[in-house]
> 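Shown below is the structure under consideration.
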There are 2 protein chains.
Amino acid sequence: MVDQQLHKGKTDGLRSPRLAPVSQVACTKCGLGKLCLPATMDSPQLKTFEKIVHKTRPLQNGDHLFRVADDFSDIYAVRSGCFKTYVVDAAGREQVLGFHLAGELLGLDAIYQGVHVSNATALGTSSVCKLQYDEVTTLSQQMPELQNHMFRLLSRRISDLSAAAADHSADERMAAFLLSLASRFKARGYSSKEFNLAMSRSDIANYLRLATETVSRVLARFQKKGLIKVDRKLVQLLDKDALCKAAGTATW
Amino acid sequence: MVDQQLHKGKTDGLRSPRLAPVSQVACTKCGLGKLCLPATMDSPQLKTFEKIVHKTRPLQNGDHLFRVADDFSDIYAVRSGCFKTYVVDAAGREQVLGFHLAGELLGLDAIYQGVHVSNATALGTSSVCKLQYDEVTTLSQQMPELQNHMFRLLSRRISDLSAAAADHSADERMAAFLLSLASRFKARGYSSKEFNLAMSRSDIANYLRLATETVSRVLARFQKKGLIKVDRKLVQLLDKDALCKAAGTATW
DNA sequence: CGTCCCCTTGATTAATCTCAATTAGTGTGG
DNA sequence: CCACACTAATTGAGATTAATCAAGGGGACG
């Protein structure tokens, strides 16, 4: 079940944009909350929206949510855990496109062709909500807030991918990656100073277009310099300012 | 100030003057055709749609359509010519995000934050149609085809960026780039075997995360191997199959 | 308690970048 | 129309980053 394929890659936002105005209400059915619901949605609207949200049973580590060439009919919102999306090229090389935390959407790249063009697999036990795409578009016709929200979510993914496209050094990419995770955890109410990496070193490496050995070395270097502390999956950010500088970006 | 150094190398050069021959139904106002209009749009709908499309005067080489931090109110559809989008990081390094041909949209990454997060500049004399974003969303409420079309366009950009994310060799990226251009020219009714590069070597290099010298060398290598013929801006693809193999992708 | 896989660390190699120099267009002004 | 200046593109040589190759550690789990 756990596919064994090669890794080499990168994607999903090395950098997270500022969060949208958020909803105070949450979808009771799946816990979708301020991160992925329109800010302007009121209770009746939420009720309507909930009708198209379907809970699914949790997936285990390595289970696939969808694969390339699968028919596209649903988009997914991560409810808990973490997913990675990836593609495999003609030579069999894997490329990780992104890591997706709770509240983030999966399958947006399938809208264009109506077929999945990437694979999604759970990193550890994880769960999603399923939203039938037809229903989303239909409901969007009646709810301008939802339509706008969808546009914004798609746009955000474009921004994130653009940010990840940059040609930076191994240190810069690693620093940016850690800061991106930090900011996303923070937005979810978790600590932005200390968190667990759901993904393996080789997944990180692949995502960042590095070798796994390089990821190890960079992390070791950062630790030696006092920027972070790493112990297996657990990461603590000790000097965020220095990390920002290392990332070569203005602010985080 | 940034401007001058960024755009020191624009060359107008040789570019195809004729307009892209597009769809059966075309927006009379700006020539938008099937490349950027919903296929299912009928004449009355087209008429309505045309109301929100606004022609603008052509831009000259190096002129900016928008810049980072500009207010976002419009999206743009390239009518003729070519644009490049790019960002500049804290260290002043430029990163080209994409090249945009006739029929392709610009500014989609600005929807999320309501502010432009990239810069767009004309490569040679080029023109766009302006679509006020408010009007697009409003009209999308009444026209499901338009809404779906917008979703698809955003999704396509996500797919494109994902494809560009892969960690490939210089040869692979260059080959893929040429094939991508070829297929886009073909979709516009131009030759897919022979075309002019609107962008400089350094823009290509930057986009592909390579040094300009590397781009030169790879092109020279391809030419020596008989895959292509290059003369300044003019490129001829002599052996597409071999190029596909060089790109490491299944098909183009 | 032993195996397996993931991760780390070291040594070497290779791809690509950087630096440098040359050629070739492009445009300007006399 | 030509000389000059400037920029783009190419080519060569050496430097450098990160990959690859190789060898151990260290948990996790049965």
> Nearest nucleotide by nearest heavy atom, which residue falls closer to the 5' end of DNA chain D, B:Val215 or A:Ala170?
B:Val215

> Given atom CE of B:Met199 and atom P of D:dA9, what is their separation to the nearest angstrom?
12 Å

> D:dA18, OP1 or OP2 - any side-chain N/O from A:Thr214 closer than 4.0 Å?
no

> Taking all heavy atoms of B:Pro58 and all of B:Ser127, pick out the closest pair and write down the distance.
CA-CB, 4.0 Å

> Establish whether the base of D:dT11 is bridged to the side chain of B:Arg221 by a donor-acceptor pair shorter than 3.5 Å.
no

> Counting primed atoms plus P, OP1 and OP2 as sugar-phosphate and everything else as base, spell out the protein contacts along nucleotides 25-30 of chain D at 4.0 Å heavy-atom distance: B, S or - for each nucleotide, 5' to 3'.
------

> For A:Arg201 and D:dA19, what is the distance between atoms CZ and C1' respectively, to the nearest whole Å?
19 Å

> What closest approach, in Å, do B:Val115 and B:Ala69 show between heavy atoms, and which atom pair accounts for it?
CG1-CA, 3.4 Å

> Which value, rounded to the nearest 0.5 Å, describes the distance between B:Leu234 atom CG and B:Lys229 atom NZ?
7.5 Å

> Output the rounded distance in Å from CZ (B:Arg217) to P (C:dC17).
9 Å

> Can you see which heavy atom on B:Gln95 is nearest to which on A:Ala166, and at what distance?
OE1-CA, 3.4 Å

> Looking at every non-hydrogen atom in both residues, tell me the closest pair between A:Gly62 and A:Thr121 and how far apart they are.
O-OG1, 3.0 Å

> Anything under 3.5 Å between a protein N or O and an N or O of nucleotides 1-3 of chain C, put it in a table, one pair a line.
none

> When you check the side-chain N and O atoms of A:Asp70 and A:His64, is any donor under 3.5 Å from an acceptor?
no

> Tell me yes or no: between the side chains of A:Ser118 and A:Asp109, is some donor less than 3.5 Å from an acceptor?
yes

> Kindly state whether the ring of A:Tyr190 and the ring of A:Phe195 have centres lying under 6.0 angstrom apart.
no

> Could you give the CG-to-P distance, from A:Leu234 to C:dC6, as a whole number of Å?
20 Å

> Separation of A:Asp167 atom CG from C:dT18 atom P, in whole Å?
9 Å

> Find the distance A:Leu210:CG to D:dT20:C1' and express it as a whole number of Å.
14 Å

> What is the separation between atom CD on B:Glu213 and atom C1' on C:dT16, rounded to the nearest whole Å?
10 Å

> Between A:Lys233 and C:dC7, is there a side-chain N or O to OP1/OP2 distance below 4.0 Å?
yes

> If only side-chain N and O atoms count, and only distance matters, is there a donor-acceptor pair under 3.5 Å linking B:His168 with A:Asp89?
yes

> Can you tell me how far C1' of D:dT17 sits from CE of A:Met174, to the nearest Å?
17 Å

